[in-house]
Amino acid sequence: MELNLTNVIFEKEGNVGILTINRPKALNALNSETLKDLDTAITAIEEDNNIYVVILTGAGEKAFIAGADIAEMKDLTEVEGREFGLLGNKVFRRLENLNKPVIAAINGFALGGGCELAMSCDIRIATEKAKFAQPETGLGITPGFGGTQRLPRIVGEGKAKELIYTGDMIKADEALKIGLVNKVVPVESLMNEAKSMANKISSNAPIAVRLCKDAINRGMQVDIDNAIVIEANDFGTCFLTEDQKEGMTAFIERRAKVFKNK
């Protein structure tokens, strides 16, 4: 699949799609062009039924994404600032709602918009050298790509307020401790760990995995009684699939299962 992308590399390995933010000289900072590239890539992934899982990372060893592009933001008006924030939020929300799991492979600084992009992913794997922060208050702004909303949902309100108000940078071990990342690995192991997890997820029934993501994402935004209804509906939908028949039949027959994403 040929995509006209300037700052994002899109690759496929089996059933895994790999997106790399590719502005290493700018520490992969997110400008409007990069956000639009990411939006285009998300559309391509949505339409590709042979991609079951996505890995998102940054080029180079210094940074996952060092933040939104300050050079682009510096002279924005109020209206332009709101529009830039809405663009980032639209793209990140599409990633969050993508109908397949997304693993962030965090290989360095994940600051501001970089931390926010990582939080839009389902699972976060970081290297031992990764560092995280929402430093926006030191620049005279608030987080603009969902940081004030996702960080408290992930680490709790008190810790999120501390990190956002102070702008403090934390290392990977603390990010793991507070639940901001799922796993911390050596630098040289990052992509292998991400691919290993992606392949493990890919070996399960893709439709079931997709419906699990749907149930979790939508259920977390409503009360438990409505959430259980969402789960029950997704659970029922599984019984329309060939993969459900295959998975249960293979279990009973004690043989290897062969899922077809149908």
Side-chain angles (χ1 to χ4, degrees), residues 16-21 24 27-30 38 53-68 88-89 91-93 95-98 100-136 143-202 209 212-213 216-217 220:
V16 179
I18 302 173
L19 292 176
T20 305
I21 307 299
L27 297 180
N28 302 321
L30 297 170
L38 188 55
V53 184
V54 179
I55 296 172
L56 175 66
T57 193
E61 295 183 359
K62 290 185 178 179
F64 171 66
I65 293 152
N89 270 304
V91 176
F92 288 15
R93 192 78 173 116
L95 190 71
E96 188 170 47
N97 288 329
L98 185 65
K100 30 210 116 182
V102 183
I103 300 169
I106 302 161
N107 49 318
F109 291 113
L111 312 178
C115 187
E116 290 168 309
L117 183 55
M119 290 190 291
S120 300
C121 300
D122 296 281
I123 296 166
R124 288 163 288 281
I125 302 174
T127 72
E128 295 164 336
K129 293 185 177 180
K131 294 182 179 179
F132 301 81
Q134 296 290 162
E136 287 87 351
F145 294 165
T148 61
Q149 304 308 308
R150 291 191 183 90
L151 191 60
R153 284 170 165 82
I154 293 170
V155 306
E157 189 176 323
K159 191 64 181 179
K161 286 180 174 178
E162 176 192 335
L163 291 172
I164 290 171
Y165 297 171
T166 64
D168 283 350
M169 187 180 298
I170 62 171
K171 295 181 180 179
D173 57 349
E174 185 173 351
L176 179 65
K177 181 180 174 182
I178 65 175
L180 184 55
V181 300
N182 298 69
K183 184 182 287 192
V184 176
V185 301
V187 174
E188 61 274 12
S189 302
L190 178 64
M191 287 308 290
N192 284 338
E193 286 282 345
K195 289 176 183 178
S196 176
M197 185 179 290
N199 287 325
K200 188 172 186 178
I201 294 169
S202 294
V209 172
C212 287
K213 176 171 179 173
I216 294 169
N217 282 4
M220 288 297 291

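Because only heavy atoms are used, hydrogens play no part in the values below, and waters and symmetry mates are left out as well, while side chains stay in.
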*asked:* Please check: side-chain N/O of N182 versus main-chain N/O of R124, any donor-acceptor pairing under 3.5 Å?
replied: yes
*Output the distance between atom CG (L180) and atom CE (M119), rounded to the nearest 0.5 Å.*
6.5 Å
*asked:* Keeping K213 on the side-chain end and K100 on the backbone end, is there a donor-acceptor pair under 3.5 Å?
replied: yes
*Rounded to the nearest 0.5 Å, what separation is found between the CG atom of L27 and the CD1 atom of I65?*
11.0 Å
*Output yes when E162 and K159 qualify as a salt bridge under the 4.0 Å nitrogen-oxygen rule, no when they do not.*
yes
*Could you give the distance from SG (C212) to CG (N217), rounded to the nearest 0.5 Å?*
11.0 Å
*asked:* Pair I201, V16 - check side chain to side chain contact (heavy atoms under 4.5 Å, CB included), show working.
replied: CA-CA 10 Å; I201 294 169; V16 179; over 6 Å; no
*Passes side chain to side chain contact (heavy atoms under 4.5 Å, CB included), M191 versus I18? Steps please.*
CA-CA 10 Å; M191 287 308 290; I18 302 173; 4.3 Å; yes
*asked:* For V102, is there any backbone N or O sitting under 3.5 Å from a side-chain donor or acceptor partner on D122?
replied: yes
_Can you tell me how far apart OG1 (T57) and CG (N107) are? Round to the nearest 0.5 Å._
4.0 Å
*What's the shortest heavy-atom distance between P143 and E116, and which atoms?*
CB-OE2, 3.3 Å
*Over all atoms of both residues, closest heavy-atom pair of F132 and L111*: C-CD2, 4.1 Å
*Do R93 and E96 sit within salt-bridge range, that is, some charged N less than 4.0 Å from a carboxylate O?*
yes
*Would you name the heavy atoms of C115 and A133 that are closest together and state the gap between them?*
CB-O, 3.8 Å
*Without swapping roles, check the side chain of N89 against the backbone of G144 for a donor-acceptor pair under 3.5 Å.*
yes
*For the side chain of N28 and the backbone of A59, is there at least one donor-acceptor N/O pair under 3.5 Å apart?*
yes
*Backbone N or O of E61 within a donor-acceptor pair of the K129 side chain at under 3.5 Å?*
no
_Could you report the tightest heavy-atom contact between V53 and A198, atom names first, then the distance?_
CG2-O, 3.6 Å
*Hey, mind stepping through L38 and L30 against side chain to side chain contact (heavy atoms under 4.5 Å, CB included) and telling me if it holds?*
CA-CA 10 Å; L38 188 55; L30 297 170; 5.5 Å; no
*Residue pairs fulfilling salt bridge (Lys or Arg N to Asp or Glu O under 4.0 Å) with at least one residue in residues 185-197, sequence neighbours excluded*: E13-K195, K183-E193
*Does the side chain of I164 come within less than 4.5 Å of Q134's, by heavy atoms?*
yes
*Would you give the length of the straight line joining atom CD1 of I55 to atom CG of L190, rounded to the nearest 0.5 angstrom?*
9.0 Å
*Step by step, work out the side chain to side chain contact (heavy atoms under 4.5 Å, CB included) result for L117 and L95.*
CA-CA 9 Å; L117 183 55; L95 190 71; 3.7 Å; yes
_If I take atom CD1 from residue I103 and atom OG from residue S196, how far apart are they, to the nearest 0.5 angstrom?_
9.0 Å
*What closest approach, in Å, do A172 and V181 show between heavy atoms, and which atom pair accounts for it?*
O-CG2, 4.2 Å
_Shortest non-hydrogen contact between R153 and Q149, atoms and distance_ = NH1-O, 3.0 Å
